[in-house]
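Here the structure is a predicted model, which is why all the values come from computation and not from measurement. Below, chain A is the first sequence line, B the second, and so on; all start at residue 1.
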Number of protein chains: 2
Amino acid sequence: MPLPQTEIPGRLQMQLAERGIRMTGPRRAILSVIETATKHLDATQILRKARTLDASVDRSTVYRTLDLLKRQGLIDELDLMHLNGEGHYYERKLGRDHIHMACLRCGKITEFVSKTFESLKKQLERDCNFHIVVARLEVGGYCSACRH
Amino acid sequence: MPLPQTEIPGRLQMQLAERGIRMTGPRRAILSVIETATKHLDATQILRKARTLDASVDRSTVYRTLDLLKRQGLIDELDLMHLNGEGHYYERKLGRDHIHMACLRCGKITEFVSKTFESLKKQLERDCNFHIVVARLEVGGYCSACRH
DNA sequence: ATCTGTAATGCGACTCAGTCGCAACACAAT
DNA sequence: ATTGTGTTGCGACTGAGTCGCATTACAGAT
Ligand SMILES: [Mn+2]
Ligand SMILES: [Mn+2]
Ligand SMILES: [Zn+2]
Ligand SMILES: [Zn+2]
């Protein structure tokens, strides 16, 4: 994750509260997992971790909560080049977007913040008259350790 | 598709032949479908169309051929924001990459070629010492007709 | 503190995309 | 024509994600 841990835990809960969205036990568990994640997690991993906080959490609740957070623009969904199966990965959405690079050999995920990326998005909005809600740039290739 | 139809039909078959890859009936049907497509197709659509050319084509052969073409760098795989289900879409890879914008309201897919995108990729390769094989920029938002 | 309408949950069954092992087959080189 | 190897169809399977429904729990009102 590209973010400093200066984040207040519980921030996601606050953002939902501000929008008048109900808070529940399972939701708190899931939000907490997402907030404290140190890497990109898929739905199954989120379920497993959430269950250590609230053993009753169900798989469908995880998916429903992920949908809610996506609709609210609070998380991003990633493919990470589908290096391991067909599932998706999730991460909190924070101020600046970043690019994901996945090494096709060692699987390492690298993140990168780029001013050029920001310009590109602005250019898109202007030239195509398109209002961007979410932008995902995912790259596959070979990292510095694996290139030949 | 952003490409002029100045393409020779059969080009994909040639590219595989050049690489010493065997040509078969089912493969010819699938390649022909991909080559003559006028929009992004998913595996099920490719199967259905391929069967009009060779009725025996099986679903697994479609997936195996798509994998082959991906490995050979001849097609790109897209999510198109998973607007309709969890499947993936495919298109021939041609010289210049392009960006895909999906309207979250009407579902329209817009393509855009950008010099800034090319610079961004170069910047990534340089700054991150990463060798890019495939780069996918997919954007979700509201098109000119749907923005409010 | 209790009541109450509505939103969220667990459960189980289901759909759908994609994969895999294997026996039969077909390509292309000799 | 023969042959080895790559490819195919088939069918069974996995795993991600969805859905309907009866039950539960939240939060605002009393
Ligand atoms: Mn995907
Ligand atoms: Mn395209
Ligand atoms: Zn690597
Ligand atoms: Zn639209």
Touch check for Ser60(B), heavy atoms < 4.0 angstrom, all strands: base, sugar-phosphate only, or nothing?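 Base, at least one base atom sits under 4.0 Å.
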
Can you check the [X] [atom1] to [N] [atom2] distance for me, whole Å?
X: Arg51(B); N: dT8(D); atom1: CZ; atom2: P; answer: 14 Å
X: Leu80(B); N: dA17(C); atom1: CG; atom2: P; answer: 15 Å
X: Asp67(B); N: dT8(D); atom1: CG; atom2: C1'; answer: 15 Å
X: Leu47(A); N: dG15(D); atom1: CG; atom2: P; answer: 15 Å
X: Arg19(A); N: dC26(D); atom1: CZ; atom2: P; answer: 22 Å
X: Asp54(B); N: dC27(C); atom1: CG; atom2: C1'; answer: 14 Å
X: Asp58(A); N: dT24(D); atom1: CG; atom2: C1'; answer: 14 Å
X: Tyr89(B); N: dG18(C); atom1: OH; atom2: C1'; answer: 15 Å

May I ask you to check whether Glu138(A) and His100(A) show a side-chain donor-acceptor distance below 3.5 Å?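 Side-chain D/A pair, Glu138(A) to His100(A): absent.
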
Looking only at the side chains, is there a donor atom on one of Arg28(B) and Gln13(B) sitting less than 3.5 Å from an acceptor on the other?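 No donor-acceptor contact under 3.5 Å links the two side chains.
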
If each of Glu86(B) and Gly25(B) is mapped to the nucleotide of DNA chain D with the nearest heavy atom, which maps nearer the 5' terminus, i.e. the 5' end?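 First, find each residue's nearest nucleotide; the 5'-ward one identifies Gly25(B).
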
Which is more 5' along DNA chain D, the nucleotide nearest Thr24(B) or the one nearest Glu77(A)? Just name the residue.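 Nearest nucleotide further toward 5': that of Thr24(B).
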
Starting at the 5' end of DNA chain C and moving along, which residue's nearest nucleotide shows up first, Val57(A) or Gly87(B)?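 Nearest-nucleotide comparison on DNA chain C picks Val57(A).
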
5'-most contact on DNA chain C: Thr61(A) or Pro26(B), nearest heavy atom basis?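 The residue closer to the strand's 5' end, by nearest nucleotide, is Thr61(A).
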
Under a 4.0 Å N-O cut-off, is there an ion pair linking Glu118(A) with Lys121(A)?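 Yes.
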
Arg11(B)/Glu35(B) ion pair, N-O < 4.0 Å: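 No salt bridge links Arg11(B) with Glu35(B).
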
If you count heavy atoms of other groups shown closer than 6.0 angstrom to CZ of Arg105(B), is the number above 12?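 For Arg105(B), atom CZ is not crowded (no more than 12 foreign heavy atoms under 6.0 Å).
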
Does a sphere of radius 6.0 Å around NZ in Lys70(B) hold more than 12 heavy atoms from other residues, nucleotides or ligands, not counting ones at 6.0 Å or beyond?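 Check passes, neighbour count above 12.
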
[X] side chain near [N] phosphate (N/O to OP1/OP2, under 4.0 Å):
X: His88(B); N: dA17(C); result: no
X: Tyr63(A); N: dT18(D); result: no
X: Arg27(A); N: dA25(D); result: no

Classify the side chain of Thr44(B) and the base of dC16(C) as holding, or not holding, a donor-acceptor pair under 3.5 Å.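 No.
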
Return yes if the base of dG10(C) and the side-chain atoms of Arg59(A) contain a donor-acceptor N/O pair under 3.5 Å, otherwise no.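 For Arg59(A), whose side chain was compared with the base of dG10(C), there is no donor-acceptor pair (under 3.5 Å).
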
Choose from [options] the nucleotide whose nearest atom is closest to any side-chain atom of [X].
X: Arg64(B); options: dA25(D), dG10(C), dG21(C); value: dG21(C)
X: Met23(B); options: dA28(C), dT19(C), dG9(D); value: dA28(C)
X: Arg22(A); options: dG12(C), dA7(C), dT19(C); value: dA7(C)

